[in-house]
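Counting starts at 1 for both ligands and their atoms, following the listed order. Quantities reported herein were computed from a predicted structural model and do not represent experimental measurements.
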Amino acid sequence: MFSSMSMQYRRVGTSGLKVSALSYGAWVTFGKQVGDPVAAKLLHTAYDAGVNFFDNAETYADGQAERVMGAILKESGWPRDTFLVSSKVFFGAERDGPNQVGLSRKHVIEACHAALQRLQVEYLDLYYCHRPDPDTPIEETARAMHDLITQGKVLYWGTSEWSAAEIKQAFETCAKLNLHRPVVEQPQYNLFHRTRVEKEYAPLYAAPGLGTTVWSPLASGLLTGKYNDGVPSTSRLNTPGMEWLRDRLANDPTYPRKMAAIKQLAAIASELGTSLPRLALAWCLKNPHVSSVILGASKPEQLKENFGALEVVDQLTPDVMKRIEAISKPIAD
Ligand code: NDP
């Protein structure tokens with residue numbers, strides 16, 4: 001077991017909030033792929049290792065992921081000031097009527113109330129707009145977020161998979177109207193998907209200071225090498241409801257090159273005396289603009305394995321990074 005001494009904490013952009021460099025999210029697993037006792041074990045394993053951020057969303061298992069997490073948090077007795085919990089609004093939970101999805105004032109506020117109930121907490125530490133909503137003016141969403149913050153129901157707000165232009169517009173709107181601005185973006189970031197974090201958002205990091213909590217750091221498990229010889233029966237790609245992900249990968253024209261790259265990356269990992277998942281996660285951690293790498297895991301052993309990435313970051317010397325770049329960059333989005 002890793003002690004909390006080995007965990008690192010990073011500022012979320014230029015805000016004062018400190019998040020563990022590795023955090024834990026509930027997508028696919030809670031309320032769906034794993035039973036509630038396993039979910040409890042996973043959350044406790046993460047907390048015991050110093051993870052202080054648990055990521056969730058209204059849409060995960062149609063709200064059930066938040067209910068499962070809320071019950072575990074309540075049962076744990078963990079002091080509220082030792083963890084951060086998030087929700088995300090946009091896709092809706094159980095229903096998808098015209099005002100049950102999107103980023104209108106009505107849905108942003110009602111979805112927040114529903115998430116607070118499911119998670120059994122008085123406030124969300126982070127509340128993300130899960131996608132941009134072309135049907136709602138940014139002023140409307142920003143003011144709804146600002147109001148939730150002034151009411152004490154949300155502490156910080158952010159975006160997920162917004163373009164740099166959309167985030168910039170949110171910053172400018174909040175500055176003009178004197179509203180609390182978004183402090184964090186939640187983008188996908190891994191060895192095979194990196195342009196947005198590295199290039200598109202580059203101008204947003206310095207001022208006013210965007211933080212990032214990045215998702216799918218192992219490309220849904222691909223970067224563990226577990227799919228090298230087909231799809232294991234207990235894996236995410238074999239989970240009911242995840243057929244779209246399996247099809248997307250199967251139809252990806254760069255898939256064969258990715259599989260070849262995975263073998264080359266695994267060889268570098270073993271040269272360094274570590275594993276491929278640790279190497280791939282350490283590579284994400286190496287980026288100073290990443291506030292937190294959100295881990296997914298369906299088994300406590302995976303989490304324990306992945307926490308070891310913290311010790312690999314220093315082994316990624318300029319020379320090793322160069323070799324990793326040569327393998328991964330040409331096939332990355
Ligand atoms: P990963 O890319 O790390 O994939 C996690 C999956 O990989 C696990 O569930 C497990 O799958 C497999 N895995 C992890 N570690 C190991 C290991 N050591 N050995 C073997 N297999 C391993 O992350 P996620 O895609 O889960 O994303 C992390 C979190 O980010 C989510 O839970 C969610 O909170 C957030 N997210 C946010 C999104 C957004 O739009 N904002 C979108 C997607 C995720 P298996 O069950 O097959 O073993």
Side-chain angles (χ1 to χ4, degrees), residues 19 22-35 38-39 42-43 45-46 51 53-61 65-66 68-69 84-91 126-132 158-162 184-194 196-197 212-242 244-246 248-249 262 266 269 274-285 290-309 312:
V19 65
L22 294 174
S23 46
Y24 180 58
W27 182 51
V28 189
T29 49
F30 282 35
K32 198 167 174 180
Q33 189 185 355
V34 305
V38 177
L42 285 159
L43 214 65
T45 302
V51 165
F53 169 38
F54 306 124
D55 186 60
N56 223 318
E58 61 169 350
T59 189
Y60 295 168
E66 292 187 339
V68 171
M69 188 178 277
L84 317 173
V85 66
S86 73
S87 183
K88 306 188 201 80
V89 54
F90 177 77
F91 291 108
L126 292 159
Y127 192 32
Y128 295 91
C129 298
H130 212 156
R131 291 295 180 268
T159 57
S160 181
E161 294 296 341
W162 283 31
V184 64
E185 155 65 35
Q186 188 167 134
Q188 183 180 171
Y189 187 55
N190 58 56
L191 278 159
F192 294 149
H193 189 96
R194 47 194 288 186
R196 186 162 245 184
V197 167
T212 62
T213 54
V214 303
W215 60 267
S216 285
L218 295 173
S220 271
L222 202 64
L223 281 162
T224 64
K226 71 193 301 170
Y227 294 116
N228 289 6
D229 303 313
V231 177
S233 60
T234 59
S235 62
R236 171 177 297 183
L237 292 193
N238 221 5
T239 301
M242 299 305 290
W244 62 271
L245 187 61
R246 200 172 52 208
R248 184 189 286 178
L249 278 174
I262 284 166
T274 190
S275 66
L276 179 57
R278 287 181 179 187
L279 180 90
L281 294 168
W283 178 88
C284 295
L285 288 166
V290 169
S291 319
S292 188
V293 173
I294 313 178
L295 303 173
S298 59
K299 297 166 193 74
E301 302 72 48
Q302 294 173 344
L303 270 185
K304 288 180 192 163
E305 159 76 17
N306 296 351
F307 293 135
V312 179

Purely on distance, is any nitrogen or oxygen of N56 under 3.5 Å from one on ligand 1?
no
Side chains of E185 and T159, donor plus acceptor under 3.5 Å:
yes
Ring centroid separation for W162 and Y128, is it under 6.0 angstrom?
no
The answer for which part of E305 has a heavy atom under 4.0 Å from ligand 1 is side chain
Taking atom types as modelled, find out whether S233 and N238 have a side-chain donor-acceptor pair closer than 3.5 angstrom.
no
Which is closest to atom 10 (C) of ligand 1 by heavy-atom distance: R236, R131, Q302?
Q302
Backbone or side chain, does any N or O of E161 fall under 3.5 Å from an N or O of ligand 1?
no
Say whether S216, considering both its backbone and side-chain N or O atoms, lies within less than 3.5 Å of an N or O atom on ligand 1.
yes
Among K226, Q186, M242, closest by heavy atom to atom 37 (C) of ligand 1 is Q186
With a 4.0 Å heavy-atom cut-off (strictly under), which part of S275 contacts ligand 1: side chain, backbone, both or neither?
neither
Close-contact set for ligand 1 against N306 heavy atoms, below 4.0 Å
14 (C), 15 (N), 16 (C), 17 (C), 18 (N)
A student checking ligand 1 against Y227 at a 4.0 Å heavy-atom cut-off should list atoms 47 (O)
Which one of G225, S220, G25 has a non-hydrogen atom at the shortest distance from atom 2 (O) of ligand 1?
S220
Polar-atom distance check: H130 versus ligand 1, any N or O pair below 3.5 Å?
yes
Please report whether ligand 1 has a polar contact with L218, defined as an N or O pair separated by less than 3.5 Å (distance criterion only).
yes
Only heavy atoms count here, so choose which of L303, T213, D55 is nearest to atom 35 (C) of ligand 1.
D55
